[in-house]
Protein chains: 4
Amino acid sequence: MERSHIVIAYVGGGSRNWAIKLMGDLALSEHLSGELRLYDIDAAAAAHNAGLGEAIFARPEAKGSFALKVCQTLRSVLSGADFVIISIEPGPTEARYADLVIPARHGIVQTVGDTTGPGGLLRALRSVPLMAEIGRAVMECCPGARVINYTNPMTLCVAALHDAAPGILAHGCCHEVYAVQERTAAVVAQELGLAAAPLRSEIEIEIAGVNHFTLAASIRYKGEELLPMLRRRALALLGADGAFSDASSAARTRREGEAWFDCDGLVSLEFLLRLGVLGAAGDRHLAEFVPWFLADEATINSYGVPLTPYEWRIAARDAPRPSVAAVAGRPLSPSGEEGVSQIEALLGHRRVKTNINMPNQGQWSDAPLGHVVETNALVEEGRITPLAAGALPPAAAALERLVIAEQALVLEAAKRRDSALALEALLIDPLVRMPPARARAMLGEMLEYAAPWLPGWRGLA
Amino acid sequence: MERSHIVIAYVGGGSRNWAIKLMGDLALSEHLSGELRLYDIDAAAAAHNAGLGEAIFARPEAKGSFALKVCQTLRSVLSGADFVIISIEPGPTEARYADLVIPARHGIVQTVGDTTGPGGLLRALRSVPLMAEIGRAVMECCPGARVINYTNPMTLCVAALHDAAPGILAHGCCHEVYAVQERTAAVVAQELGLAAAPLRSEIEIEIAGVNHFTLAASIRYKGEELLPMLRRRALALLGADGAFSDASSAARTRREGEAWFDCDGLVSLEFLLRLGVLGAAGDRHLAEFVPWFLADEATINSYGVPLTPYEWRIAARDAPRPSVAAVAGRPLSPSGEEGVSQIEALLGHRRVKTNINMPNQGQWSDAPLGHVVETNALVEEGRITPLAAGALPPAAAALERLVIAEQALVLEAAKRRDSALALEALLIDPLVRMPPARARAMLGEMLEYAAPWLPGWRGLA
Amino acid sequence: MERSHIVIAYVGGGSRNWAIKLMGDLALSEHLSGELRLYDIDAAAAAHNAGLGEAIFARPEAKGSFALKVCQTLRSVLSGADFVIISIEPGPTEARYADLVIPARHGIVQTVGDTTGPGGLLRALRSVPLMAEIGRAVMECCPGARVINYTNPMTLCVAALHDAAPGILAHGCCHEVYAVQERTAAVVAQELGLAAAPLRSEIEIEIAGVNHFTLAASIRYKGEELLPMLRRRALALLGADGAFSDASSAARTRREGEAWFDCDGLVSLEFLLRLGVLGAAGDRHLAEFVPWFLADEATINSYGVPLTPYEWRIAARDAPRPSVAAVAGRPLSPSGEEGVSQIEALLGHRRVKTNINMPNQGQWSDAPLGHVVETNALVEEGRITPLAAGALPPAAAALERLVIAEQALVLEAAKRRDSALALEALLIDPLVRMPPARARAMLGEMLEYAAPWLPGWRGLA
Amino acid sequence: MERSHIVIAYVGGGSRNWAIKLMGDLALSEHLSGELRLYDIDAAAAAHNAGLGEAIFARPEAKGSFALKVCQTLRSVLSGADFVIISIEPGPTEARYADLVIPARHGIVQTVGDTTGPGGLLRALRSVPLMAEIGRAVMECCPGARVINYTNPMTLCVAALHDAAPGILAHGCCHEVYAVQERTAAVVAQELGLAAAPLRSEIEIEIAGVNHFTLAASIRYKGEELLPMLRRRALALLGADGAFSDASSAARTRREGEAWFDCDGLVSLEFLLRLGVLGAAGDRHLAEFVPWFLADEATINSYGVPLTPYEWRIAARDAPRPSVAAVAGRPLSPSGEEGVSQIEALLGHRRVKTNINMPNQGQWSDAPLGHVVETNALVEEGRITPLAAGALPPAAAALERLVIAEQALVLEAAKRRDSALALEALLIDPLVRMPPARARAMLGEMLEYAAPWLPGWRGLA
């Protein structure tokens, strides 16, 4: 099949991380070429990335060739695009103070705070109107384009696209499941005494859930179910009788090494041990969807998970970006992300089975139709079809449905700019166990702090 | 219409409280007479109650006449009965140590502990097999009889009857809603400057939920909706801005006066203020279904609710029963319960609209079909028909559904005697926020302590 | 309780039948008085009825007093109304040619043709926009008024009100169930050897379905289930083995006597015999919802049902209206309709349990939420609450759901004026079994004939 | 990957058609070898097929090698099997007299009569107990085996397996969709002027429905949606205005040439034209699920479809089987069936996307969970996962749901041997429009004739 020539519009093209990965993967593609347009409200960042992109596509090992173009408006980046990538930040890093530090002052411990909990809620209130605007612009400028979102909170960002732009061909792509496959591949190698770990793609995992709270009822290698083996492992690590082996020292090492995103999968294994389904995301994310792990910092540390300090986030934001020279001198290697592979599949160059966030059309029978859920899907020429994941065990399904109800309320709150609805959502969040008046006060502080990035909101009702 | 002659079988007829109320109401009935049979595993208590009953029916103001009969077996009390009343205690009062004191040691505060939370769960594990046995015996001995249950946990007791005895004509009857009507009647009198409070029956309340977690989307007096007025009251009492007026001194007074069952309805009003539906049960019950009020004793005290000490329960159990002489000398008055009124309605002497616990056949659209729910129903000759309560607001519905999922798991756990399922139920209980291993240890202690009243269980899986 | 003073707006106040009945019942009410406003696009008819009304309220036995007022616009009749009655004709009687005669030419036999089948479909296409207009006007002029609809097709008229005017307090009221109660009362008298038939209200009937296709899973007299007796009767009349007793001569007698609306309930009994639920409407209506009875005229005649000729309808339309003198000289008697009784109940003068057409909020678990269904309901001060009817037997439910799907398509077709959707609805109608192209041709003829009363339609797509 | 060595148990191994195709495909497989066991109640037929099999595997072009074994009992064929193939005939060909000829005498025209309609119903009553027996035997003898069913009525045979043997790994495989792909490939070649038709596998078709009533909301070639082109074709062939081009002469030609199984897809195109989804099965099957085509023989002939005479079926049954010599001399060629390809995929040799009949776990959101439905699925090592097909357009979904309700009743009727339930099913069948008493008489004749193959039935209730 011939190489496809396409126009990709990158919304949030000043991204420090995703844009560079994408450009590297595009350069390594044997099937794609065309134009890559970058748009960002930080125009300088987009321009800098364009420079990096030129260096990347100029690398000798680059196979694909993409012309870089910096766009100054949302409409200009979208017009005529075949694919749209969205990875935006809803407000500056300082906005995360309201997501993380204010709840912490009220006793709520969050490991990430971008998906659920008070932090995820506030971030959603900021993101939903931005996604809605992008969605509407897509329907005007490139209604047939495929839209791939990377922005968190994933579920509500994809939901906002579909809600504001019915008929949009948008889905969300998240790498948390891949890490579970890789961790499991390492375990398989160890258990089977293999010289090398299997490829991630050789670990077949069947998931259902909302993004970052995906649960796996099956994970296989060469057709064999691995859950029994993982369950034995969980029993050994977590203990059947309550005296579970403390991983606080691992958390301490991670904190000292600033390895904020690492984990041992102990939280993931707790779900397997107690509810019969493996947690299929990083522990930092999984821990936020139930009230079991975050009563205080010591508890979550005992699962090997440190808390990322707000200050580190600010510092990371201020770190210098890579120079063109540095990038030009660095050999290309696959990022491990799957966006480019999905684009190739949608153009007919391959067929890919991978985890996808899309409105539920039945693929997960515990969730209401229409709610954005994450399951496997088959990506083929011109079509993404979810694979039926059936139902989760009842306790797991009940926990998921509570989160789904919260997400539906947050979406409504964001659309109507309704603080009473936002409070309802907050009150049913699993991390919130304070008297309603105190939750209301906390929300009031958060909304007040974040007011600059919440246009149209009028404070607490 | 002529007086109906019926046979009533009272299972748990040694009851210290319910049996006496029932006999008083039967004596005051203008429509009923016949035979009242008492059966209890504490045969002496049943015999004592029979003596009290004779004194009651001998009172000059008694209108109905019932022959008292003490039965020695379940089958003999049931054979040929027209109505069956169930009010049993699943195990001795000491069993409540496992329900209440063990969870408290693990940091879980419970105000009642007989319906939900760890205590309600354990009590259900003890009750379900007893109710199943009664249900099967009913289908053998008096399959057309109407069965009225008063035992807690109400939802799971009624569910166990229907699960074990498909086709049984059983429902549950609970007075918690009446108290909300009475409290509201007092408020109406105060607000409207009436000389006397309206009758409880003049306060029309539309409820949906599971027993003790019923929520009202409408409450009316003479056709006028009272929720706006109650909302203003809630705002005044609970505060919009988080500085809510502390009712800890009311809790203190109650504790000192041993007024364990009183409340001001502040918890009930919080549901109205935050979720838009009035809590339609006592605060002690409502507080246990969400994690907002029971983080510690001080928090629940601040809502005017004291914690009932386990020791008081033991002492109350040991208090002497009323003597025949005392009862014979005491004028009869209506108990305020509705069992006799429902029996009269089922026999065609009146038509009653009241709250009833029955399997969902659509009356509450948030709940799965078949789950035992509490809504209003119309009680007519030979038939009880639930009134459609529609749907609750989304946040309220989400909280209810979590409880419903827990109840379904508890029923299965009780039937299969499966501690892994019981742990799953415990882990999704709103009062539980500890690491799973700790919850498992707590459950282990509870099951071990309660082992004498859990025949067939083999400890933790 | 004092007499209530109310304003009633009658839309379609020139009605030859319903308006006179309503005025008679109002005159006999001990609880109501006030103003009755009549509005009709046939202003002369409304004025004539006003004259009749004055005569009625001047009768010596009249208890209630209503001032009559003829209104010239929809908005003037509605402004400030407490109750709105709707009984309109969607187009002149000639429009029924398209409903009845054109389908007959294509081989489709219809007994009524105003509810379902091709005739009901076309009548719905004419009615829905009119009802939508009235609904929107109600929300502008008297948003808190209770709206009672008598117009057919009932389901789609009530659906159109709710669809166009969310929040409208509208329900539909139909007398077909009353006739089944009366017929059953006569049977009860005969079977029990009673001197007089029981009152209609003494026959308790539990129904579920869409209007005119309501089915009863229970019908009782003094608490006793009558279905087994009716089933024996059905067996005797209809035959177990296929040789059913032909009632064609009854049909002939009815045809000759122009007793078009009479029936023996044989169709109703067929539903009981074959599906286990009694047909709870007149045979002429029931027969149109399944393909069993209307293959040809002889078949339906054999059930004792004649076909009403179109010519008779035209003649009936042209019959002279009663004169004021005639009405003034005629003693008042209750009409047997329940509109006035429902108004009294809504004002708190009584409590009424009766059949009501309302959006499904769970009262009938076979139907989708929101679809207008007919079940019993409790009419109380300020509130109508449906009674839960549960589920029908599976075969009955399947037939109902097909009709429900058709109705949903017809509503959409009427709103969008979309002939392709109308054809889809027609193709799934139980009376249609022709090749699609022929059904399309028939629909084309019907739409063309009815074009004057279908503003905005552009013919077949 | 190495060749897999497996044991295949063929139940119905005397099959004249499917067994020979399967053996040919096994012989051509590069991935499989092992043992093929044949079992049939006609032991001679199984033995004859074993002889043919030996000739097939001895062909020079055969790649796979399978040892043939004739088994005398169900348990011996199943014990230790890895795969089970089921293609049985429920009763002798004479039983089809009751399926086809008796209904025809009552005016019901059927084109196949093995899936739905009176014939399909009766055939299901015969098949369900046989499938239940096989299912139970599988769970005893080879519980981990994959079971592939080819027997009709497909939906109810697969349903019976799952109902009688919960946890069985059974699915149904049907070639009707392949023919639609092939017909469409030919159209694509013609429209695009291609030298050769695309491969069947290049035509991507997305289906939902019950077997033989599958409907396609998308059919693509190289990523391009073909429905608009097919719709234009349908308009040209079937006519927009009702004057559709008569294909009766094609039917006549087919009748004369005994080409009973051919069709032009005109019925398939009617579904596209009228309901927006392409009929994805042969016209003979599709026509039986709606009342549009089978009012009489002329109507169905006008779509190019002849009626297969019962006599031909008897004659075909009596035709001589191929001799070993004939088969030994005939070069192998792929049968076009997919059973072997699915077995290879389940063993990890490939990944296959194809249409599969399985219990609904959400893959088709119009159908109840658990009902056996046909959609695409992904066949992988050790797992078959349905692809989410979403929802059909409302009218199509309504027609499907009626059939689903009928199927559920037939399954219950077959299990309980309950003729009243069978009559309920018959009465809601789209082909039945006679008075219930006549339908009952017809069913009585059918049951009486088929009594020898309906053990345990006691005639009409």
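Just so you know, these numbers use all the heavy atoms, side chains as well, and skip hydrogens, waters and symmetry mates. Lettering follows sequence order; numbering is per chain, from 1.
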May I ask you to name which of A388(B), A391(B), G390(B) has the most heavy-atom pairs under 4.5 Å with chain C?
-> A388(B)
Would the number of heavy atoms belonging to other residues, nucleotides or ligands and lying under 6.0 Å from CD of E224(C) be above 12?
->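 For E224(C), atom CD is not crowded (no more than 12 foreign heavy atoms under 6.0 Å).
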Under 4.5 Å to a heavy atom of chain C? For L387(B) that would be both
With D82(B) via salt bridge (charged side-chain N to carboxylate O under 4.0 Å, His left out) - residues at least two apart |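 Here no residue qualifies.
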Sort [X] into side chain, backbone, both or neither according to what part of it lies under 4.5 angstrom from a heavy atom of chain B.
X	value
E380(C)	side chain
A389(C)	backbone
T375(C)	neither

Tell me, do E381(B) and E204(C) make a side-chain contact under 4.5 Å, heavy atoms counted?
-> no
Minimum side-chain heavy-atom gap R383(B)-R220(C) below 4.5 Å = yes
Would you give the length of the straight line joining atom CG of L378(B) to atom NZ of K353(C), rounded to the nearest 0.5 angstrom?
-> 6.0 Å
